[in-house]
Peer 1: 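After the structure tokens below, expect a handful of questions from me.
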Amino acid sequence: MSTNGKSPSTLNTFECVRCGLTVTVNAPDGVRRNHCPSCLHSLHVLDRVEGGPSECRARMIPISIAVLRTGEWMLIHRCTRCGELTSNPICGDDNQLILMRMAVRPLAQPPFPLEAFGDL
């Protein structure tokens with residue numbers, strides 16, 4: 001089995017494209033991750049439309065949180081180069097402060113004036 005000159009430990013890690021943190025592919029809760037638990041950024045390596053690897057390889061920025069019917073939280077990323085959106089499961093050791101900031105942003109900064117509720 002070829003490891004392309006990499007040790008088995010480096011095959012299970014990646015370096016964050018934003019903050020440089022060395023990240024393990026398997027989170028402590030067993031979820032396989034593709035984003036940094038510290039800053040939540042990722043690398044565009046999969047093409048969701050075409051299926052398979054992406055040649056884009058640009059930085060994916062976390063933009064939102066989605067909650068599935070099952071209650072599972074998903075992290076929504078947008079590619080800084082091509083604009084593709086992806087969703088990935090949140091891991092147990094992800095930065096809780098950043099996650100909560102994204103979750104409450106629609107309430108804290110609604111796309112309409114809150115004063116309109118006073119007239120209802």
Peer 1: Side chains of His77 and Asn34: is there a donor and an acceptor less than 3.5 Å apart?
Peer 2: no
Peer 1: Could you check whether any side-chain heavy atom of Val17 comes within less than 4.5 Å of a side-chain heavy atom of Ser42, counting everything from C-beta outward?
Peer 2: no
Peer 1: Could you please spell out the steps behind the side chain to side chain contact (heavy atoms under 4.5 Å, CB included) verdict for Thr13 and Val23?
Peer 2: CA-CA 5 Å; Thr13 62; Val23 178; over 6 Å; no
Peer 1: Does the side chain of Cys91 come within less than 4.5 Å of Pro37's, by heavy atoms?
Peer 2: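 No, too far: nothing below the 4.5 Å cut-off.
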Peer 1: Give the minimum heavy-atom separation between Leu40 and His35, together with the two atoms involved.
Peer 2: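 Reported closest heavy-atom pair: O-CB, 3.8 Å.
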Peer 1: Check whether any side-chain heavy atom of Leu46 sits under 4.5 Å from a side-chain heavy atom of Ser54, and report yes or no.
Peer 2: no
Peer 1: Report yes if the side chains of Met102 and Ile63 come closer than 4.5 Å at any heavy-atom pair, otherwise no.
Peer 2: no
Peer 1: If every non-hydrogen atom of Asp29 is compared with every non-hydrogen atom of Gly92, which pair is closest and at what distance?
Peer 2: OD2-N, 2.6 Å
Peer 1: Report the C-alpha separation of Val67 and Met74 in whole Å, then their side-chain angles, then the decisive distance to 0.1 Å, and conclude whether the side chain to side chain contact (heavy atoms under 4.5 Å, CB included) test is met.
Peer 2: CA-CA 6 Å; Val67 181; Met74 301 294 284; over 6 Å; no
Peer 1: Looking only at non-hydrogen atoms, find the nearest pair between Ile65 and Trp73 and report the distance.
Peer 2: CG2-CE3, 3.6 Å
Peer 1: Return the minimal non-hydrogen interatomic distance between Arg81 and Ala58, and the atom names on each side.
Peer 2: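 Of all heavy-atom pairs spanning Arg81 and Ala58, the closest is CB-CB, 3.5 Å.
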Peer 1: Do Ile61 and Arg18 come within less than 4.5 Å of each other through their side chains, counting heavy atoms only?
Peer 2: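 Answer no - side chains too far apart.
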Peer 1: Given side chains that start at C-beta, do those of His44 and Glu84 come closer than 4.5 Å, heavy atoms only?
Peer 2: yes
Peer 1: According to the side-chain hydrogen bond (donor to acceptor under 3.5 Å, both in side chains) rule, which pairs have a member within residues 55-67, sequence neighbours left out?
Peer 2: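 For residues 55-67, and leaving out neighbouring residues, the side-chain hydrogen bond (donor to acceptor under 3.5 Å, both in side chains) pairs sorted by first residue read His41-Arg59.
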Peer 1: Might you point out which heavy atoms bring Ser38 and Ile98 nearest each other, and give the distance in Å?
Peer 2: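 Heavy atoms of Ser38 and Ile98 come nearest at O-CD1, 3.3 Å.
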Peer 1: Are Ile90 and Met100 linked, directly or through intermediate hydrophobic residues, by side-chain heavy-atom contacts shorter than 4.5 Å (ILVMFWY only)?
Peer 2: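 Same cluster: Met100 reaches Ile90 through Ile, Leu, Val, Met, Phe, Trp or Tyr contacts under 4.5 Å.
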Peer 1: Please find the pair of heavy atoms, one from Phe14 and one from Val25, that lie closest to each other, and give the distance.
Peer 2: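 Nearest pair, atom of Phe14 first, then Val25: CD2-CG2, 4.1 Å.
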